[in-house]
Amino acid sequence: MKIEMRHLRIFVTIVNEGSMVRAAQRLGLTQPSITRAMQELEQRLSVTLLTRAGRGAAPTAVGRGFADTARQLLKAFDSALDAPGQTPPLRIAYAWSGLIPEMETLLHTWRAQNLHQDIELARMPTPLMALDTAIVDLALVREWTANPRYKDLRINREPRVVAVSAADPLATREAVSFADLATYGLVRPSHGSSTPHHLWGHPHNNLRDRIANDVEDCITTIAMTQAVFGITPASTAAFYRHSAIVYIPLQQAPTVVSSLIWSASGRPEVDAFVDHARRTLCPVTETIGASATPRAEASTHRPVCH
């Protein structure tokens with residue numbers, strides 16, 4: 001059989017989404033058609049491109065290399081189809097609850113001033129991978145570590161909160177500390193976590209720890225499991241409301257910094273968008289008014305440009 005561009009697009013979307021179910025939703029296809037296309041692709045290449053575990057899917061070592069090649073082919077194909085003289089949209093990758101209010105402000109003000117340069121958002125489990133393989137022009141990431149290959153602009157910092165079951169004894173607290181969580185298990189996604197090991201409040205190999213396929217799986221696990229918790233930026237409380245989950249401010253935890261990342265050799269339109277971000281967000285100070293309660297403080301965002 002012949003390999004078509006749809007096979008490559010389906011495969012790359014699965015890798016980007018980390019799930020065949022989410023890939024089907026993003027592409028507007030049925031899951032059986034996604035599964036069939038992957039079977040055809042793997043049979044044609046005589047290799048295994050994906051490993052499947054539960055609701056998740058991840059590329060094999062061969063699959064990672066093929067994904068890079070497929071991305072380049074898709075980018076070239078899509079560029080060839082762009083209308084002559086039409087500027088392609090800026091593409092920005094972000095992870096699950098990454099669309100912080102500051103980013104929404106940037107998008108609204110940019111679109112009001114730049115009618116001929118559109119922006120497309122792409123929700124991906126690994127935004128930096130998408131940037132590294134030129135699938136997108138910028139990435140919105142948390143807890144960025146400086147890398148000479150990229151430029152960055154810090155646009156927000158926010159406090160961390162703890163997610164526990166509404167039936168948990170901690171759920172009535174106004175705030176919790178790491179000591180309160182010492183006997184609890186940590187639930188975290190298999191990728192994209194903004195919580196480093198040293199912040200877990202207990203040894204890395206705690207028997208109660210759980211690794212979930214994605215954020216939805218994290219929420220379900222926390223809601224239905226006793227003596228477990230999640231640590232997440234405060235914005236998650238707004239994006240993922242759940243009647244069986246309570247978000248509580250975490251005392252003495254460092255804030256989470258969100259940054260825009262882009263390649264030093266990117267398109268001129270990228271520089272224009274970054275300049276717009278600086279003009280729009282940098283005048284905002286970090287002075288935060290006193291909150292009535294620690295729970296109220298957990299929802300406070302602190303724009304900051306560096």
Side-chain angles (χ1 to χ4, degrees), residues 5 8-9 11-18 26 58-59 63-83 85-100 102-111 113-114 116-157 191-194 256-282 303-306:
M5 297 304 293
L8 302 184
R9 200 174 301 280
F11 171 60
V12 168
T13 304
I14 293 172
V15 173
N16 289 343
E17 294 291 331
R26 175 169 288 278
R64 286 192 293 271
F66 185 72
D68 291 341
T69 301
R71 288 187 180 102
Q72 295 299 330
L73 289 172
L74 288 170
K75 183 179 181 181
F77 179 76
D78 292 341
S79 297
L81 296 181
D82 286 336
Q86 179 179 344
T87 303
L90 284 175
R91 301 199 73 214
I92 303 177
Y94 70 98
W96 47 288
S97 64
L99 283 185
I100 53 178
E102 288 73 21
M103 196 64 199
E104 295 178 10
T105 297
L106 287 181
L107 296 178
H108 290 317
T109 54
W110 170 265
R111 285 167 173 157
Q113 301 172 24
N114 298 270
H116 302 292
Q117 177 60 69
D118 197 12
I119 290 179
E120 291 183 357
L121 298 176
R123 180 174 176 263
M124 299 179 177
T126 54
L128 188 58
M129 181 185 294
L131 179 62
D132 195 39
T133 53
I135 295 297
V136 297
D137 302 292
L138 301 102
L140 179 62
V141 300
R142 290 186 170 114
E143 300 298 84
W144 170 250
T145 301
N147 185 318
R149 295 177 55 194
Y150 301 101
K151 295 182 179 180
D152 64 272
L153 177 68
R154 298 179 184 180
I155 64 172
N156 166 267
R157 67 172 73 245
H191 53 259
S193 175
S194 61
V256 180
V257 176
S258 295
S259 302
L260 277 175
I261 311 298
W262 67 99
S263 171
S265 57
R267 297 163 48 190
E269 294 85 359
V270 172
D271 293 332
F273 182 79
V274 172
D275 287 342
H276 172 74
R278 287 195 176 97
R279 292 194 305 270
T280 304
L281 298 181
C282 288
V304 52
C305 290
H306 291 301

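For the atom pair Asp137 CG and Glu120 CD, the distance stands at 9.5 Å (nearest 0.5 Å). Once rounded to the nearest 0.5 Å, the distance linking CZ of Arg91 with CG of Leu121 reads 9.5 Å. The line from CZ of Arg157 to OG of Ser258 is 10.0 Å long, rounded to the nearest 0.5 Å. Within the model, atoms CD1 of Ile119 and CG of Leu90 stand 5.5 Å from one another, a figure rounded to the nearest 0.5 Å. Distance check: Thr13 OG1 to Leu74 CG gives 8.0 Å after rounding to the nearest 0.5 Å. Considering CG of Leu106 and CZ of Arg279, their distance stands at 10.5 Å, rounded to 0.5 Å.
Side-chain atoms of Leu281 and Asn156, non-hydrogen and from C-beta on, never get closer than 4.5 Å to each other. Between Phe273 and Leu260, some side-chain heavy-atom pair lies under the 4.5 Å cut-off. Here the side chains of Ile92 and Met103 are in contact, with some heavy-atom distance below 4.5 Å.
Between Ile261 and Leu131, the shortest heavy-atom distance links the atoms O-CD2, 3.6 Å. Val256 approaches Glu143 most closely through the heavy-atom pair CA-OE1, 3.5 Å. Closest approach of Ala70 to Val12, counting heavy atoms only: CB-CG2, 3.6 Å. Considering all non-hydrogen atoms of both residues, Phe66 and Leu8 come closest at CZ-CD2, 3.6 Å.
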Side chain to side chain contact (heavy atoms under 4.5 Å, CB included), that's the test. Do Leu138 and Val274 meet it? Break it down for me.
CA-CA 10 Å; Leu138 301 102; Val274 172; 4.0 Å; yes
Using side chain to side chain contact (heavy atoms under 4.5 Å, CB included), reason through Val257 and Arg142 one step at a time and then give a plain yes or no.
CA-CA 6 Å; Val257 176; Arg142 290 186 170 114; over 6 Å; no
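Every residue two or more places apart in sequence or in another chain that forms a ring pair (Phe, Tyr, Trp, His ring centres under 6.0 Å) with Trp144 is listed here: Tyr150. Thr69 meets the side-chain hydrogen bond (donor to acceptor under 3.5 Å, both in side chains) test with no other residue; sequence neighbours excluded. Glu269 is linked by a side-chain hydrogen bond (donor to acceptor under 3.5 Å, both in side chains) to Arg267, counting only residues two or more places apart in sequence or in another chain. Listed by chain and residue number, Trp110 satisfy the ring pair (Phe, Tyr, Trp, His ring centres under 6.0 Å) test with His276 (two or more places apart in sequence, or in another chain). With sequence neighbours excluded, no residue satisfies salt bridge (Lys or Arg N to Asp or Glu O under 4.0 Å) with Asp271.
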